[in-house]
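Heads up, the thing below is written out as structure tokens.
Order of appearance sets the numbers: ligands from 1, and atoms from 1 within every ligand. Note that the structure is a prediction, hence the values are computed from the model and not measured.
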Amino acid sequence: MAKGDPGGTSRSRRAAPRTRKRAAGDPELVQLLTPEGERIDSVTGPDGTEYRVDFTDEEYRGLYRDLVLVRKLDAEATALQRQGELGIWASLLGQEAAQVGSGRALRTQDMAFPTYREHGVLYCRGIDPIMPLGLFRGVDQGGWDPNEFKFNMYTIVIGAQTLHATGYAMGITMDGKTGTDDGEAVIAYFGDGATSQGDVNEAFVWAGVFNSPMVFFCQNNQYAISEPLERQTRIPLYQRAAGFGFPGVRVDGNDVLATYAVTRTALDNARHGQGPSLIEAYTYRMGAHTTSDDPTRYRIASEVEAWQAKDPIARVKAFLEKQQIADADFFAEVDEQARRESVHLRERVLAMPNPEPVTMFDHVYPNGSPLLDEQRAQFSRYMESFEGSAH
Ligand SMILES: Cc1ncc(C[n+]2csc(CCOP(=O)(O)OP(=O)(O)O)c2C)c(N)n1
Ligand SMILES: [Mg+2]
């Protein structure tokens with residue numbers, strides 16, 4: 001979307017009223033755009049905070065463009081895996097609004113710690129979308145500079161990045177980088193399953209007692225691989241924050257506007273020294289956990305269909321159409337850009353080398369280890385045993 005400071009203080013060019021006060025809905029869920037594309041003017045969160053956005057028409061169109069592009073690039077990556085060009089892919093399908101909303105809420109100086117699924121946040125940070133594909137093809141370790149883009153490397157170890165983020169947040173406080181409008185804040189992404197990890201709970205303790213400039217951003221996509229949410233918790237996840245002494249809020253993670261508003265507020269509170277908070281972005285993983293997973297084994301089609309009706313992109317499109325903020329030419333142009341960028345992505349993946357399986361032992365330790373050397377030799381012998389065979 002357009003550079004600058006969307007939402008918050010910026011004024012819309014349109015004076016015509018196109019919003020309404022919140023109707024009786026789910027009091028636990030902050031929502032500013034309904035699945036039907038109706039705008040809600042403002043919503044009060046559980047701790048009395050009022051959430052609203054005030055985007056210009058260009059900024060609304062920019063958010064739509066972001067959503068469409070990240071979905072298309074993600075679909076291309078899934079196709080590339082299916083065609084044998086990537087080892088594995090973790091799709092963000094269904095979670096575009098949670099990622100674009102929070103990603104665009106970050107200010108330039110803020111630091112983000114992702115999992116392995118945050119391709120939409122990566123995109124918003126200005127990182128070339130080709131970068132994670134090298135990782136998933138096994139030709140490199142990611143490739144972007146975390147300091148340049150303020151976006152850490154992908155983390156596969158569930159929950160580990162929340163501790164890294166909390167340590168980083170404690171560090172920037174000690175460096176005196178918080179407490180002003182230009183202050184820095186830190187966001188850590190993790191999933192619903194990760195909330196059962198010791199690391200995440202330890203991060204909550206440390207961030208809480210040190211009043212760290214942290215936003216814990218949990219994308220509750222309802223599953224940890226095949227394990228449904230009810231295997232992780234008996235209470236709504238956002239309510240866990242109370243036990244650690246900081247605020248928690250549940251936002252409609254399929255609503256890019258509400259996700260933006262809630263994340264921006266939490267980050268600004270953090271940068272001004274008001275401590276951590278937990279955001280539970282309530283969403284749904286529309287695809288498989290990864291391309292190695294078959295979700296039809298553990299969830300029913302009607303559940304997926306119910307979430308289809310809450311699609312994060314369709315509601316923005318409906319809103320743009322109803323309010324005449326965008327016309328058919330705009331939608332066609334965005335589709336064409338998405339097509340072009342995905343073709344470009346594909347061409348660059350096909351130009352990458354084919355990694356030798358044995359290279360997985362490289363870079364585990366900077367100076368190797370006897371055990372690893374032994375495993376490498378064993379693996380090489382195993383691979384050689386296939387030579388000349390059909391495998
Ligand atoms: C410490 C650790 N344990 C187990 C795994 C295997 N694992 C990979 S993804 C995953 C589920 C994570 O679920 P969630 O936190 O909800 O994130 P999502 O994949 O749904 O985005 C598990 C158990 C791992 N990567 N790390
Ligand atoms: Mg999950």
How wide is the angle at the Mg ion (ligand 2) between OD1 in Asp192 and OD1 in Asn221, to the nearest 10°? 80°

Using the ring of Phe331 (Phe, Tyr or Trp, six-membered ring only), decide whether Lys317 places NZ or CZ under 6.0 Å from its centre and within 45 degrees of its axis. yes

Which ligand 1 atoms are under 4.0 Å away from a heavy-atom of Tyr116? 9 (S), 12 (C), 17 (O), 18 (P), 19 (O), 21 (O)

If you scan protein heavy atoms around atom 21 (O) of ligand 1, the nearest is Arg117 NE, 3.0 Å

Specify whether an N/O/S atom of Gln222 falls short of 2.8 Å from the Mg ion (ligand 2). no

Is NZ or CZ of Arg299 both nearer than 6.0 Å to the six-membered ring centre of Tyr223 and within 45° of the ring axis? yes

Under 4.0 Å, heavy-atom basis, I'd like to know which part of Tyr189 is in contact with ligand 1: side chain, backbone, both or neither. neither

Taking the six-membered ring for Trp and the single ring otherwise, decide whether the centroids of Tyr116 and Tyr154 are under 6.0 Å apart. no

One residue to check: Asn221. Relative to ligand 1, which of side chain, backbone, both or neither has a non-hydrogen atom less than 4.0 Å away? side chain

Nearest heavy atom to atom 3 (N) of ligand 1: which of Leu92, Ile158, Ile225 does it belong to? Ile158

When you look for heavy atoms under 4.0 Å from ligand 1, do you find them on the side chain of His289, its backbone, both, or neither? side chain

For the residue pair Phe151 and Trp144, categorise the inter-ring angle as parallel (less than 30°), tilted (30 to 60°) or perpendicular (more than 60°). tilted

Please report the C-alpha distance between Phe55 and Leu63 in whole Å, then the side-chain angles of each, then the deciding distance to 0.1 Å, and finally whether the side-chain contact (heavy atoms from CB on, under 4.5 Å) criterion is met. CA-CA 10 Å; Phe55 290 109; Leu63 286 170; 3.9 Å; yes

Pair Arg52 + Glu50, salt bridge at N-O below 4.0 Å: yes

Treating Arg346 as the side-chain partner and Glu76 as the backbone partner, does any N or O pair qualify as donor plus acceptor under 3.5 Å? no

Based purely on interatomic distance, does Gln197 place a nitrogen or oxygen under 3.5 Å from a nitrogen or oxygen of ligand 1? no

Which protein heavy atom lies closest to atom 25 (N) of ligand 1, and at what distance to 0.1 Å? Ile156 O, 2.9 Å

Looking at the Mg ion (ligand 2), is there an N, O or S atom belonging to Tyr223 that lies under 2.8 Å away from it? yes

Look at the aromatic rings of Phe330 and Tyr64 and report parallel, tilted or perpendicular, splitting at 30° and 60°. tilted

What are the atoms of ligand 1, with element, lying closer than 4.0 Å to any heavy atom of Ala194? 15 (O)

So if I count the atoms of ligand 1 from 1 in the order they appear, which ones are less than 4.0 Å from some heavy atom of Gly193? 14 (P), 15 (O), 16 (O)

Transitively linked via ILVMFWY side-chain contacts under 4.5 Å: Tyr382 with Val364? yes

In this structure, does ligand 1 have an atom that sits under 4.0 Å from one of the heavy atoms of Tyr223? yes

